[in-house]
Amino acid sequence: MALTLASAARLLSEHGLLREIIQGDAWTLDAQTINGFDKPFGSITYDTRQVVSGALLCCKGRFKAEYLDGIDDRGLAAYVAENDFSAATKAPGLIVNDARKAMSLLSAAFYGYPQNQLKVIGITGTKGKTTTAYLTQAMLNGCSDGKCALFSSADNCLDGHTYVESDLTTPESMDAFRMMREAADNGMKYLVMEVSSQAYKVDRVFGLTFDVAAFLNISPDHISPIEHPTFEDYFHCKRQIVKNCRSLVLGTACAHADLIRQDAAIADIPVTTFALGEASAADVTAWPESADHSRFAIAVEGEQIGSLSLQLDGDFNYANAAAAIAIAHAVGFDFHETAAKEALRNMEPVRIAGRMEHFHDTKSNTIAIVDYAHNYASVTALLDYVDQRYGKDDPEVTLVTGSAGNKAYDRRSEIVRAAQNRVNHLILTFEDTDDEPVEHVCQNMLDSVTNPDLDARIILDRTEAVESTVAIDRKNPNRLHIILIIGKGNERWFKNHGKHIPFEGDDHIVERIFGLV
C-alpha cells in the first residue's frame, strides 16, 4: 500500500509518536482535513537537496528552518519533524516525539516492508562483526544459489555478488529499507547485516525485527562524549538486539553471557550457542585439527560435520566461522544433509581486504600483517595469533598504529596496554580525526606507555612510519621481523576535519615497498 499523509499519520499514531499535524495556522490530528491527504508520496528523503515534487522530507538531527528555504518551489508534499516549521514551508508537517524513530517506521512503509520478503540476520559484538557477516553471507549464498545480500562496515551487496563500499557500519534506516527493497527486487532471500551499538543508540533499526540475531562478544569500546558515556550504556544499546529478534545466536565465551541469556528468556527468544573447544557443550563447536591451528573441525549438536581451512588466519576467525554456522543452523539449515555440509566450503576462500592480510618481503625476512584491529580486544587477539604462529621463531615485532580523534578515547590507552609488553617497537601515527589534532592523539598514546624498555615513538606520516620500519628490518635479514599495521585496513582515505583525504592504503604501501606490484 502506498504511503500517504493519512496512512503516515495513522502509523505514527499507532506507535505513540504523532503529536499533531500542522499546516499554517491549522493544527489537527485528523489528516483527512488536509488537502491531498490520500495522495501517495512520490519519494522519501532526509536530504533537502533531494526534495522533488511529491516528496516526504524527514527532518532529523540538528535540522534548521533555513534548510527549507525555497523548498515549496520544488514541490515538497509534507515533512516529519520534532519542531514546527510552518513559518518556513506551506507543506503540512507531521510533528513527532522522535524524528529518527518516525523516519524508520515511515521508510519501512514507503518501501513496502521489504524485510518481510527476506530472512534478516543481524550481527552485533565488539569484534568480529564484519568477518562473521562475510562468512555468513558466503555460507548462505552456498545454500541458496547466491541469494544472500549483505550490509557491512566494509561493503554492501544487494545482489549476492556485487560489492560497493559502505559509509556506516549500519546504514541510516531510510537507506537500509531502500537497499532492502532493492535486494528483495533482485530476488534475494537472505540479508546479513552488521548492527552497531549506535544503530540502537540513534534508532537506525527501530521497528526492525531480525529473524536471527547473533551476539558475538562484548568488551569496552566506543566510550566517548559523542558515542557512549559508559560501558554500561554501550552494552545496554547492543543488548536491544535480543528483544528485537526471533532467534538468538550467542558466543558462550561472551562476557556477561548470563545477562544476555536473561534478556532472551524474558523475551522468550530461543538461543543457539557457539564456541571454540572440542569439549564445549555449545550447539556449534570448532577446534583445531592441526598443530598450527590452520584447520579446524566443526561439530553441530555434537556431530562432526567436516572441517575448515580459512584464508583468514587466527583462532578468532574460526570462532567467527562457528558463529556463521550457528546462524545458518538457527535460520533452519540442516547440517545432517549433504547440501548444508558442502556449503561449509564456501567460507574457505573468503578474504576481506584489510583484515589479517599477510605480505612477505622479497628482500628480507619480514612479514607484514595489515588488519583493522583498533581496540584492546582485537589487538590482544592479533598478538595472540602472532605468538601462536610465529612465537617459536622469536620475531622482532613492530606495531604501527594510531587511534581515532574526537571519539573512543578509551582505545588510546587500551591499545598501548594490550601491546606494550608484547612488541619490541611501537610507532604511533596518523589516524582518522575530525578536528582533534593527530599529534594530540599520538601524544596521549605515548603518555600511556609504562614499559621503559619499549621503543615507542611518533611518526605522524603513516607512509613514512611503514617505510622506515621496513628499511630498519632489512638491515638485519637473519632475524624474522613482524610488522603489524592496524586500524585502517584497506581504506583509501583519511577522515580529517569532516572530509575524506585520499590515502594510498596500508596494504598498497606494503605491496609497493615489498616489491609485490
Side-chain angles (χ1 to χ4, degrees), residues 60-62 100 124-130 152-154 165-173 175 194-205 216-240 354-355 371-380 382 399-419 426 428-449 458 460 462 485-501 503 506:
K60 67 179 182 69
R62 299 185 184 92
R100 284 188 171 275
T124 199
T126 301
K127 60 187 179 72
K129 293 188 298 297
T130 301
S152 85
S153 59
E165 185 178 2
S166 61
D167 294 323
L168 293 169
T169 299
T170 308
E172 287 283 6
S173 59
D175 298 323
E194 294 183 49
V195 184
S196 65
S197 57
Q198 285 292 302
Y200 280 106
K201 185 78 171 176
V202 298
D203 296 305
R204 290 180 193 148
V205 289
L216 306 179
N217 47 63
I218 191 72
S219 58
D221 199 13
H222 297 285
I223 313 301
S224 76
I226 64 171
E227 296 172 291
H228 299 280
T230 63
F231 171 69
E232 187 280 332
D233 184 72
Y234 170 63
F235 187 26
H236 173 75
C237 287
K238 282 193 173 292
R239 285 169 51 211
Q240 301 314 298
R355 283 171 168 80
D371 191 57
Y372 195 68
H374 57 277
N375 57 29
Y376 179 85
S378 55
V379 172
T380 297
L382 177 59
L399 178 65
V400 179
T401 184
S403 192
N406 297 95
K407 64 179 184 178
Y409 301 124
D410 57 313
R411 289 180 182 171
R412 302 174 190 183
S413 61
E414 293 296 290
I415 290 172
V416 172
R417 184 165 69 89
L426 175 64
L428 304 169
T429 191
F430 202 100
E431 246 284 23
D432 295 347
T433 189
D434 187 1
D435 58 12
E436 183 179 10
V438 175
E439 297 93 329
H440 181 260
V441 177
C442 291
Q443 189 61 51
N444 276 178
M445 298 181 76
L446 189 61
D447 291 342
S448 298
V449 174
I458 296 172
L460 289 179
R462 196 173 178 99
I485 311 163
I486 64 171
K488 288 295 291 178
N490 75 323
E491 292 173 353
R492 302 289 182 257
W493 44 264
F494 286 118
K495 183 179 178 182
N496 193 5
H497 286 77
K499 297 181 180 180
H500 279 193
I501 309 301
F503 169 58
D506 291 342

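Starting from 1, each residue takes its place in the sequence as its number.
- Atom NE2 of His236 has 12 or fewer heavy atoms from other residues, nucleotides or ligands within 6.0 Å.
- Between Val441 and Arg412, some side-chain heavy-atom pair lies under the 4.5 Å cut-off.
- Checked against salt bridge (Lys or Arg N to Asp or Glu O under 4.0 Å), Lys407 has no partners two or more places apart in sequence or in another chain.
- Without hydrogens or angle criteria, Thr124 side chain to Val195 main chain gives a donor-acceptor distance under 3.5 Å.
- Heavy atoms only, all atoms of each residue included: Thr169 and Ser196 are closest at CG2-CB, 4.0 Å.
- Under the 4.5 Å side-chain criterion, counting only non-hydrogen atoms from C-beta, Asp203 is not in contact with Ser173.
- Between the side chains of Ser197 and His222, not a single donor N or O lies within less than 3.5 Å of an accepting N or O.
- Here His228 contributes atom NE2 and Gln198 contributes atom CD; the two are 4.5 Å apart, rounded to the nearest 0.5 Å.
- Here the shortest heavy-atom pairing between Lys201 and Asp233 reads NZ-OD2, 2.8 Å.
- Ser152 approaches Ser166 most closely through the heavy-atom pair O-OG, 2.6 Å.
- Counting all heavy atoms, side chain and backbone alike, Gly402 lies closest to Ile415 at O-CD1, 3.8 Å.
- Summarising the geometry of Val379 relative to Ala418, their closest heavy-atom pair is CG1-CB, 3.9 Å, with the distance given to 0.1 Å.
- Legend: salt bridge (Lys or Arg N to Asp or Glu O under 4.0 Å) pairs involving residues 216-227, not counting sequence neighbours, sorted by first then second residue: Asp221-Arg411.
- Here the straight-line distance linking atom CD1 of Ile223 with atom OG1 of Thr230 works out to 6.5 Å at 0.5 Å rounding.
- Distance check, rounded to the nearest 0.5 Å: CZ of Arg355 to CG of Asn490 gives 8.0 Å.
- Counting only distance, with no hydrogens or angles, the side chain of Asn217 and the backbone of Gly125 share no donor-acceptor pair below 3.5 Å.
- Residues Thr401 and Met445 are in side-chain contact: their nearest non-hydrogen atoms beyond the backbone lie under 4.5 Å apart.
- Arg239 forms a cation-pi arrangement with Phe235, by the criterion of a distance under 6.0 Å to the ring centre and an angle within 45° of the ring axis.
- Rounded to the nearest 0.5 angstrom, Ile458 CD1 and Thr429 OG1 are separated by 9.5 Å.
- Taking all atoms of both residues into account, the shortest heavy-atom contact from Phe494 to Arg462 is CZ-CD, 3.6 Å.
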- What do the steps show when you test Asp175 against Arg204 for salt bridge (Lys or Arg N to Asp or Glu O under 4.0 Å), and what is the final call? CA-CA 9 Å; Asp175 298 323; Arg204 290 180 193 148; over 6 Å; no
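- By the 4.5 Å heavy-atom criterion applied to side chains, Arg492 and Glu165 are not counted as neighbours.
- Between the side chain of Asp432 and the main chain of Ala404, no donor-acceptor pair closer than 3.5 Å is present.
- In this structure, Lys238 and Ile218 have side chains that are in contact, with non-hydrogen atoms separated by less than 4.5 Å.
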- Are Glu172 and Lys60 close enough, and set up right, to give a side chain to side chain contact (heavy atoms under 4.5 Å, CB included), and what steps lead you there? CA-CA 11 Å; Glu172 287 283 6; Lys60 67 179 182 69; 3.3 Å; yes
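- Residues Arg417 and Tyr376 meet the side-chain proximity criterion, which asks for heavy atoms closer than 4.5 Å.
- Rounded to the nearest 0.5 Å, atoms NZ (Lys488) and NZ (Lys495) are 10.5 Å apart.
- Here the side chains of Thr130 and Glu194 are in contact, with some heavy-atom distance below 4.5 Å.
- Of the candidates Leu428, Ile486, Ile485, Leu399 forms a side-chain contact (heavy atoms from CB on, under 4.5 Å) with just one, namely Ile486.
- In summary, the side chains of Tyr200 and Thr170 do not present any donor paired with an acceptor at a separation below 3.5 Å, with no hydrogens or angles considered.
- Rounded to the nearest 0.5 Å, atoms CG (Leu446) and CG (Leu426) are 8.0 Å apart.
- Under the 3.5 Å distance criterion, the side-chain polar atoms of Glu436 are matched with a main-chain donor or acceptor of Asn406.
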